[in-house]
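This one's a predicted model, so the numbers in the text were calculated from it and none came from an experiment. Residue numbers run from 1 in the order of the sequence given.
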Amino acid sequence: MTSSSKAFERILPAGQNSSLRSIEEDNALGYQVTCQPVNQPENNLCGLVLVLPKVEGKGFPLDSYESISFKLHAESTAEDFDGLVRIFVKSYLDESKESPDFVKDYKFHAVRVDRKGFNEVPLSRFKVETWWEDMHNIPFDLSYVDLSTVHSVEFFVHNLPLQDQRTYQLTVSDLKILGVYLEKHTLYMILFYSWLVVGLCFYFIFRYREAKRIKNQAYHDHNTSLLNLNGFKHKYQKLVGYQAIFYRVKIINWNSLVRNFGLSMSNTLLQEIVQNHSVFFRSYFYISARLSHDDLVFVRRRKALSAEDEEKLIRSLLLPINVVGLGELRLDIKIGASIEKSVPVNSQLVLDRAEIASQAILNKDERIQLFSNEISQLAEQKSAIEQQIIQAIEAKAFYLLYMPIFSASRHKIVGVEALLRSNFGDLKNMSPEVYISVAEERGLVREIDAMVINMALNEVAASGLGDDFILSINVSSQELMDTSFVDRFSALVERSGVRFDRLCIEITETFLIDVDAVCVNTIKNLRALGCRLSLDDFGTGYTSFQQLINFPVDEIKIDRSFITDLGDEQGHDVIVDSLVSIASNYDYHVVAEGVENKLLYDRLVAKGCDLMQGYYISKPISLAELAILNQQIVNAEITL
């Protein structure tokens, strides 16, 4: 579109005492407006208005063009005339009005240019005038640039107010509105084929992305963005024959997290840990995968991590995450590492070696363990012990002995602790602590617990011991984390006929450190039945006196390591005195373990400790032997 008069519907001068004339400059048509104001109102103007034709009954669609070019000349006899010109693109605000108000019913867009020379102004430079918004209190949803229904393009002298009796002259020539114009049918054809090409492109892009998305879902864990088992196996094949180091991470508190906070929150915890350290994982590992809920694997090519970088890996996985309303949540992990000089085709062989290494430190303080022949032999020994335990259970080759609990004040045996023994194969020459720990690792301890509870209840019920005689039974942490344990235990007790108040459930102090809400509820339910609760091996863990006061126990057993060293310079006397004092104030029973001689016995009696266990009273014996021993003590046939 050019400055030809045919291109515009009307061309008007604007301002007081103004005149308009056409000019021709360098073979280009132009227009010159001259103004000479005789008074000085603030809104007096001097300018040129070029009204654009309507298209299909609407304002001219200037938004389909790119820029306006023109030659401009502005001069004046006024003092300090800066020569600046303001260009307006005036759009219809409401096209439905037959007689729109000159200002109110239009939207004003403007840009300012210098007075001389050739100019080309992109239409994108035009901005909505703030004075127009402010004058008519235009709402936010209408205050946007709109060049789709333009009324006119206007040029005005920028200096305001105009000075009286001064001449202002503005010349605009070679005006062009630049853009691409197409016939409708040509445009429609171009659009049709363009959309056809675009549609095909989008189709193939969609199919590619969909295939990529499906592959991504098949190979990635959707919670953490790590590879899943399929993704691990796929990428593993590229390592076959090369040297690599596998770090298998077992999340040992995963079930506890899920039980207390739900699967979604547990996944969120792991997701945040992975995201927070994604740069570290990408930088150091060729493969980072989640094999299952509680099982991760990180693979590094060629050489293992340095000791410092191993610490970084451990710290990154142990870092707590603060959850609103829950506090800090963290993972508890063990890492098994396996160095493969030539990665085998079968990935399970490598994963098994790494898992064996992590199992070796399951009940230790270490966080990471490298697989070795010694670790492998130890695992084989544990597997052999596991098979012996299974065979012994099937052959009913376990039996119970009982460690007496002696009361110094009553001078008689007032209870026993049931101890498991076996006469089967290698188990008969093995400490029960060894095969019980293997049973806990391999998931056999619940079956053993049920067997011990049932045997002890039946033997005590048949023993004819007094109604005030207490039976203490050790229960594993796995049982206390099982919500069905109380019901199963209650059924066994009721079947035996032993009263609940004659039973004492023993748990270890180290278990108390990680006790959760489910365990606390189980313990409360046991106490509600009438059972006592005893805290075994006290002093070997990290239980504070405050925890001891707040936790619902009836009895604490002082570990033998504190008893056997009474009278030395290690301060054990102070600890025992404190425990006896607390027990007295909070109505606990205190049992001293490991009383091996009369000197220890007398020292404990002097400290006010009434209940004792140890070889000075008796080694573990059967209930029949215990009844005889107790009668001998009562009759003073044996002096303590």
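A distance-only check finds no donor-acceptor pair linking the side chain of Tyr615 to the backbone of Asn597 [under 3.5 Å]. Within the 3.5 Å criterion, the main-chain N or O of Leu480 finds a donor-acceptor partner in the side chain of Thr522. Of the possible donor and acceptor atoms, one in the side chain of Arg502 sits under 3.5 Å from a partner among the backbone N and O of Gly466. Counting only distance, with no hydrogens or angles, the side chain of Ser578 and the backbone of Val574 share a donor-acceptor pair below 3.5 Å. In terms of modelled atom types and a separation under 3.5 Å, the side chain of Asn635 and the main chain of Gln631 share a donor-acceptor contact. Remark: the backbone N or O of Leu626 is not paired with any side-chain donor or acceptor of Asn630 at under 3.5 angstrom. Between the Arg499 side chain and the Asp467 main chain, a donor and an acceptor come within less than 3.5 Å of each other. With hydrogens and angles disregarded, a donor-acceptor distance shorter than 3.5 Å links the side chain of Asp554 to the backbone of Leu533. A donor-acceptor contact shorter than 3.5 Å links the side chain of Asn585 to the backbone of Ser581. Between the side chain of Asn253 and the backbone N or O of Asp332 there is at least one donor-acceptor pair closer than 3.5 Å.
Annotation for Lys233: atom NZ does not count as buried by contact number, only 12 or fewer foreign heavy atoms lying within 6.0 Å. Gln275 CD: more than 12 foreign heavy atoms inside a 6.0 Å radius. Within 6.0 Å of NE2 in His220 there are more than 12 heavy atoms belonging to other residues, nucleotides or ligands.
By the 4.0 Å N-to-carboxylate-O rule, Asp449 lies too far from Arg446 to be salt-bridged with it. At a threshold of 4.0 Å, the pair Asp501-Arg532 does not count as salt-bridged, since none of the basic side-chain nitrogens sits closer than that to a carboxylate oxygen. Under the 4.0 Å criterion applied to side-chain N and carboxylate O atoms, Glu593 and Arg560 are not assigned as salt-bridge partners. Salt-bridge check for Glu310 with Arg367: failed, with every basic side-chain N at 4.0 Å or more from each acidic carboxylate O. Glu380 has no carboxylate O lying under 4.0 Å from a charged side-chain N of Lys382, or vice versa, which leaves the two without a salt bridge.
To the nearest 0.5 Å, atom CD1 of residue Ile375 and atom CD of residue Gln359 are 11.5 Å apart. The CD atom of Glu441 sits 12.0 Å away from atom CD1 of Ile436, with the distance rounded to the nearest 0.5 Å.
Counting only N and O atoms by type, the side chains of Ser338 and Glu340 include a donor and acceptor under 3.5 Å apart. Side chains of Tyr435 and Glu386: a donor-acceptor N/O pair is absent below 3.5 angstrom, by distance only. Defined by atom type and a distance below 3.5 Å, a donor-acceptor pair is present between the side-chain atoms of Glu374 and Ser372. Defined by atom type and a distance below 3.5 Å, a donor-acceptor pair is missing between the side-chain atoms of Asn458 and Ser496.
By the 4.5 Å heavy-atom criterion applied to side chains, Ser288 and Leu227 are not counted as neighbours. Contact annotation: the side chain of Ile385 approaches that of Met430 to within less than 4.5 Å [non-hydrogen atoms, C-beta and beyond]. With contacts defined as side-chain heavy-atom distances shorter than 4.5 Å, the pair Leu629/Ile621 qualifies. Proximity of Ile356 to Leu378: side-chain heavy atoms (C-beta onward) are nowhere separated by under 4.5 Å. Residues Ile368 and Ile314 meet the side-chain proximity criterion, which asks for heavy atoms closer than 4.5 Å. Looking only at side-chain heavy atoms (C-beta outward), Leu492 and Arg488 stay at 4.5 Å or farther from each other. For the pair Val553 and Ser534, the minimum side-chain heavy-atom distance is 4.5 Å or more. Looking only at side-chain heavy atoms (C-beta outward), Met265 and Val323 come within less than 4.5 Å of each other.
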Self-check item: Asp352/Gln348 under side-chain hydrogen bond (donor to acceptor under 3.5 Å, both in side chains): CA gap, chis, key distance, verdict
Solution: CA-CA 6 Å; Asp352 287 346; Gln348 194 58 47; 2.8 Å; yes

Quiz item: Can Glu272 and Asn276 be said to form a side-chain hydrogen bond (donor to acceptor under 3.5 Å, both in side chains), step by step?
Solution: CA-CA 6 Å; Glu272 289 201 26; Asn276 290 344; 4.8 Å; no

Practice problem: Take Asp559 and Asp536 through the side-chain contact (heavy atoms from CB on, under 4.5 Å) test and state the conclusion after the steps. | Solution: CA-CA 7 Å; Asp559 187 67; Asp536 197 13; over 6 Å; no

Quiz prompt | Working for salt bridge (Lys or Arg N to Asp or Glu O under 4.0 Å), residues Arg603 and Asp573 | solution = CA-CA 10 Å; Arg603 282 178 175 170; Asp573 283 83; 5.9 Å; no

Exercise. Test side-chain contact (heavy atoms from CB on, under 4.5 Å) on Trp254 and Ser266 and set out the steps.
Key: CA-CA 8 Å; Trp254 181 260; Ser266 302; 3.6 Å; yes

Exercise. Applying side-chain contact (heavy atoms from CB on, under 4.5 Å), run through Ile273 and Leu319 and close with a yes or a no.
Key: CA-CA 7 Å; Ile273 290 173; Leu319 189 70; 5.6 Å; no

Quiz prompt | Step-by-step side-chain hydrogen bond (donor to acceptor under 3.5 Å, both in side chains) determination, Thr224 to Asp221 | solution = CA-CA 6 Å; Thr224 62; Asp221 173 61; 2.7 Å; yes

Practice problem: Take Val486 and Leu526, measure what side-chain contact (heavy atoms from CB on, under 4.5 Å) needs, and give me the verdict at the end. | Solution: CA-CA 7 Å; Val486 174; Leu526 288 171; 4.2 Å; yes

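The shortest heavy-atom contact between Ala408 and Val605 is CB-CG2, 3.9 Å. The two residues Phe398 and Leu427 have their closest heavy-atom pair at CZ-CD1, 4.1 Å.
The salt bridge (Lys or Arg N to Asp or Glu O under 4.0 Å) with Asp295 is formed by just one residue from the set Arg248, Lys334, Arg290; it is Arg248. Shown are Asp294, Val249, Ile252; of these, the side-chain contact (heavy atoms from CB on, under 4.5 Å) with Ile333 is made only by Val249.
Among residues two or more places apart in sequence or in another chain, the ring-ring contact (aromatic ring centres under 6.0 Å, His included) test is passed with Phe489 by Phe485. The ring-ring contact (aromatic ring centres under 6.0 Å, His included) test applied to Tyr616 returns Tyr601, not counting sequence neighbours. For Phe406, the ring-ring contact (aromatic ring centres under 6.0 Å, His included) partners are His411, not counting sequence neighbours. Under the ring-ring contact (aromatic ring centres under 6.0 Å, His included) criterion, Phe261 pairs with no residue, sequence neighbours left out.
Pairs passing the salt bridge (Lys or Arg N to Asp or Glu O under 4.0 Å) check and including a residue from residues 616-640, sequence neighbours excluded, do not occur. Applying the salt bridge (Lys or Arg N to Asp or Glu O under 4.0 Å) definition to pairs two or more places apart or across chains, those involving residues 406-427 are Arg410-Asp468, Lys412-Asp468, Glu417-Lys557.
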